[in-house]
Amino acid sequence: MTERFVRVAVDQPMPVQFDYRYALAQPPVVGALVLVPFGRREVVGLICDIIPTSDVPAAKLRHVSAICSACAPVSEAWIALAAFAADYYQRGLGEVALPALPQALRDASRWNRLFAVEERFRLLPAGRVELPDALPARASALRRLAEALGEQASLGLSDARALHPKASATFDDWLARGWIERAGADAIEAATSAEPAANVPLPVLTDEQREAVDAISRAQGFAPFLLHGVTGSGKTEVYLHALAGLLGARPDAQALVLVPEINLTPQFEAVFRARFASLAEGALVTMHSGLAEGERARNWLAAHTGRARIVLGTRLAILASMPKLAMIVVDEEHDPAYKQQEGLRYSARDLAIYRAKQLDIPVVLGSATPSLETWWQAEQGRYTRLTLTRRAVAEAALPSVRLVDLEEERQRGRASVDGLAGPLIAALKTRVERGEQSLVFLNRRGYAPILSCDACGWVAGCPRCSAYAVLHKPERALRCHHCGWESRIPKSCPDCGNIDIAPMGRGTQRVEETLASVVPGARVLRIDADSTRRKGSAQALFSDVHAGEVDILVGTQMIAKGHDFRRVTLVGVLNADTALFSHDFRASERLFAQLTQVSGRAGRAGLPGEVLIQTRYPRHALYQALARQDYVGFANSTLAERRDARLPPFVYQAMLRAEGRTLDAALAFLEEAAAAFAPLPGADRVTVYDAVPLTIVKVFNVHRAQLLLESGSRAALQASLRAWQPVLRSLKGVLRWNVEVDPLDV
Ligand code: ADP
Ligand code: ZN
Ligand code: ZN
């Protein structure tokens with residue numbers, strides 16, 4: 001038998017793959033997982049190539065130890081996708097490909113157990129009759145289990161365990177009593193129709209929606225669409241129709257739907273589940289970091305085998321293995337959550353475009369406020385623009401935006417209470433009287449961002465970070481939002497002993513307190529990262545809002561995301577001005593998107609909505625555009641500024657960041673790196689800026705600095721970054737460094 005060799009990618013921070021001898025009985029396949037010796041350990045890797053000979057000296061070549069036969073190999077297209085991401089984001093293929101697989105697959109000892117067919121159970125006629133009476137009255141978990149068995153053709157053990165932790169023992173008992181039986185794996189019907197469930201009344205599409213759906217459905221091959229629709233215009237309905245058309249016409253086709261956040265917006269998933277209820281069980285799966293490991297593995301496998309027709313996921317789902325992928329949807333494509341900020345710093349939105357191109361399929365990017373990168377592509381005609389200008393619900397108009405001039409309020413001597421201006425208080429009172437709901441939005445949690453002493457100028461700071469410690473009143477603590485440091489609130493100034501230390505500025509907790517006193521009788525609820533720390537609590541709080549048990553909801557951008565609040569007619573915005581003068585050139589784009597998003601929560605169901613923005617700069621172009629509901633004007637003028645200033649999307653950027661024990665160490669590393677960059681191929685077409693400390697230079701006692709690189713040529717930037725990698729790896733003196741391509745925070 002001729003000797004065989006395979007090239008294997010392993011999860012190591014190296015851009016190379018490794019050659020191995022292959023002498024197992026089962027033939028090697030590209031895309032299969034293998035167990036290989038690596039140094040003194042054995043690791044799981046991915047076969048990327050089967051090669052006739054290897055350049056590695058024979059004495060150094062080792063043997064593949066085992067090959068995974070529990071699941072089919074990933075496709076060559078998937079490997080190509082991972083390879084593209086690795087190349088583009090300056091990583092090794094193994095570093096991208098292996099972390100994209102479920103944890104259980106990366107552990108060879110679990111290969112065989114993991115994909116063993118799950119036990120399933122089916123209710124028998126005797127159980128249907130006897131079970132309900134046999135259960136104790138208060139055994140609600142048992143009751144849920146019995147109901148689930150009654151409703152579904154068969155129930156898998158893991159789903160049963162989610163309903164009742166002792167499901168396994170319970171089933172043994174019920175089996176013995178003849179109430180249930182074991183069901184074979186064939187109880188999971190093959191994926192069948194994608195017809196909408198008969199009992200769900202479908203809304204009649206508006207003309208604009210219909211045109212959008214038709215355009216997407218007509219698309220042949222690679223077809224990028226920008227679905228630009230105002231808030232409440234029914235973008236989701238467009239996705240649903242386009243997907244139903246595709247899945248109905250092609251019984252094996254799969255679709256990937258990306259959302260910025262799943263846990264915060266369960267409505268989105270609920271709508272999909274209801275609409276595609278007739279799909280076989282397991283044909284719609286979710287993928288996000290909140291899933292338990294076992295479920296994540298099962299869902300991954302469902303996508304990989306083609307049983308899942310729709311994958312609904314957050315950014316990590318862009319690397320799902322989907323052999324029959326036929327359409328990608330990216331909802332709220334402008335959302336920064338699509339950018340991974342650690343490890344492989346990828347943009348799921350950008351990878352979605354690449355993947356669609358690679359597979360020659362349509363991709364739909366939806367947003368009320370597209371990113372300027374996407375808008376620019378549409379302006380140039382590279383993406384087809386589909387526009388929804390009106391809200392879908394006939395009576396729902398876009399809310400009117402009113403700017404409350406804080407300076408004028410002050411000059412006229414009109415009272416504002418702890419940061420809430422008179423007009424906003426009056427508007428809130430009116431809503432409470434009418435039984436309507438209001439949102440108050442400010443992007444700062446805690447009680448007050450600063451606690452200080454008037455007498456000596458002391459300010460509470462984090463001992464580990466170059467940042468203020470935020471006052472948290474309900475928790476009676478000072479907290480650092482960067483490293484988690486926490487301490488009790490001092491009773492007096494630690495420097496001079498003055499007992500009169502005072503909070504400055506306001507966060508959501510303080511606004512909550514103020515609202516309760518200025519709008520007496522109002523039921524105020526706060527939603528932010530602090531009030532939703534416990535798992536599931538955000539959902540519980542949001543359902544209180546939907547149930548009408550809340551008059552005023554105050555919160556951070558958590559309340560701005562895609563919720564369809566039916567009774568909200570007023571949105572108040574506090575403290576937005578700070579973002580106007582940020583040194584980050586994307587701050588205004590983000591602010592416009594956020595304010596549009598939160599404003600879009602108002603006036604969804606017939607009652608007119610109003611947005612009040614408190615500001616010292618009512619004439620600022622951003623607020624003026626917002627008041628006119630003029631995204632297009634804002635986008636085009638901001639793009640013109642970016643073009644003049646030579647900023648993205650007119651140039652391409654990359655960032656080298658370094659973390660050191662001292663700032664000097666971090667800066668010295670960057671300066672050395674910059675010096676080594678100059679002679680590299682392509683470097684003559686790249687501008688290297690000075691190394692600078694980050695705004696918050698110290699976090700958890702680590703000092704951070706960054707070096708910006710910029711070029712008009714993507715190819716030159718990529719080539720020079722690639723050549724730079726080995727140089728960077730050889731430099732010493734810092735704790736960590738990373739390169740980010742297309743950084744969002746500059
Ligand atoms: P967007 O994502 O564009 O902000 P949504 O998809 O949340 O908007 O839709 C807003 C509301 O309009 C939802 O309650 C949705 O059910 C409803 N809706 C969408 N399309 C229609 C339609 N054609 N007729 C009636 N209601 C619709
Ligand atoms: Zn003091
Ligand atoms: Zn800190």
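Scope of the values below: all heavy atoms of this structure, side chains included, with no hydrogens, waters or symmetry mates. When a ligand or atom number is given, it counts from 1 through the structure's own listing order.
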Can you tell me the protein heavy atom closest to [atom] and the distance?
| atom | value |
| --- | --- |
| atom 25 (C) of ligand 1 | P203 CB, 3.9 Å |
| atom 4 (O) of ligand 1 | G232 N, 2.6 Å |
| atom 20 (N) of ligand 1 | Q209 NE2, 3.0 Å |
| atom 9 (O) of ligand 1 | G234 CA, 3.5 Å |
| atom 19 (C) of ligand 1 | A392 CB, 3.5 Å |

Inset, instruction - Search all heavy atoms of H228 against all heavy atoms of W375 and return the closest pair with its distance. - result: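 Heavy atoms of H228 and W375 come nearest at ND1-CZ3, 3.8 Å.
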Inset, instruction - Can you tell me, to 10 degrees, how wide the angle at the Zn ion (ligand 3) is between SG on C480 and SG on C462? - result: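 It rounds to 110°.
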Would you say [atom1] of [X] has more than 12 non-hydrogen atoms from neighbouring residues, nucleotides or ligands within 6.0 angstrom?
| X | atom1 | result |
| --- | --- | --- |
| R661 | CZ | no |
| F565 | CZ | yes |
| D207 | CG | no |
| R533 | CZ | yes |

Part of [X] with heavy atoms under 4.0 Å of ligand 1, whether side chain, backbone, both or neither:
| X | result |
| --- | --- |
| V204 | backbone |
| R566 | side chain |
| T236 | both |
| D331 | neither |

Does either side chain, that of [X] or that of [Y], offer a donor lying less than 3.5 Å from an acceptor on the other one?
| X | Y | value |
| --- | --- | --- |
| S599 | T596 | no |
| Q254 | R309 | no |
| R444 | T508 | no |
| E333 | S367 | no |
| E208 | T389 | yes |

Distance filter under 4.0 Å to [X] heavy atoms, resulting ligand 1 atoms:
| X | value |
| --- | --- |
| V230 | 3 (O) |
| D564 | 11 (C), 13 (C), 14 (O) |
| T206 | 23 (N) |
| R604 | 4 (O), 7 (O), 10 (C) |
| T231 | 4 (O) |

Legend entry - Is_contact(atom 12 (O) of ligand 1), protein non-hydrogen, under 4.0 Å: yes
Inset, instruction - Verify the contact flag for atom 22 (C) of ligand 1, where contact means a protein heavy atom under 4.0 Å away. - result: yes
Inset, instruction - Specify whether an N/O/S atom of H482 falls short of 2.8 Å from the Zn ion (ligand 3). - result: no
Inset, instruction - Using a cut-off of strictly less than 2.8 Å, determine whether C483 has an N/O/S atom near the Zn ion (ligand 3). - result: yes
Legend entry - Stepwise side chain to side chain donor-acceptor pair (under 3.5 Å) check, Q340 with R315: CA-CA 8 Å; Q340 164 104 355; R315 62 173 180 253; 2.9 Å; yes
Inset, instruction - Verify salt bridge (Lys or Arg N to Asp or Glu O under 4.0 Å) between R479 and E486, making sure each step is shown before the conclusion. - result: CA-CA 5 Å; R479 268 189 194 161; E486 192 171 306; 2.8 Å; yes
Legend entry - Short N or O distance, G229 and ligand 1, threshold 3.5 Å exclusive: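 No: no nitrogen or oxygen of G229 is under 3.5 Å from one in ligand 1.
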Legend entry - Angle in degrees, rounded to 10°, that SG of C453 and SG of C496 form at the Zn ion (ligand 2):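 Value, to the nearest 10 degrees: 110°.
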Inset, instruction - To the nearest 10 degrees, could you say what angle the Zn ion (ligand 2) makes with SG of C493 and SG of C456? - result: 100°
Legend entry - Residue among Q267, R601, R604 satisfying side chain to side chain donor-acceptor pair (under 3.5 Å) with D564: R604
Measure the distances from the heavy atoms of [X] to every atom of ligand 1 and state whether one is below 4.0 angstrom.
| X | value |
| --- | --- |
| L388 | no |
| S233 | yes |
| R391 | no |

Legend entry - Worked verdict on R567 versus D551 for salt bridge (Lys or Arg N to Asp or Glu O under 4.0 Å): CA-CA 10 Å; R567 305 178 208 215; D551 298 312; over 6 Å; no
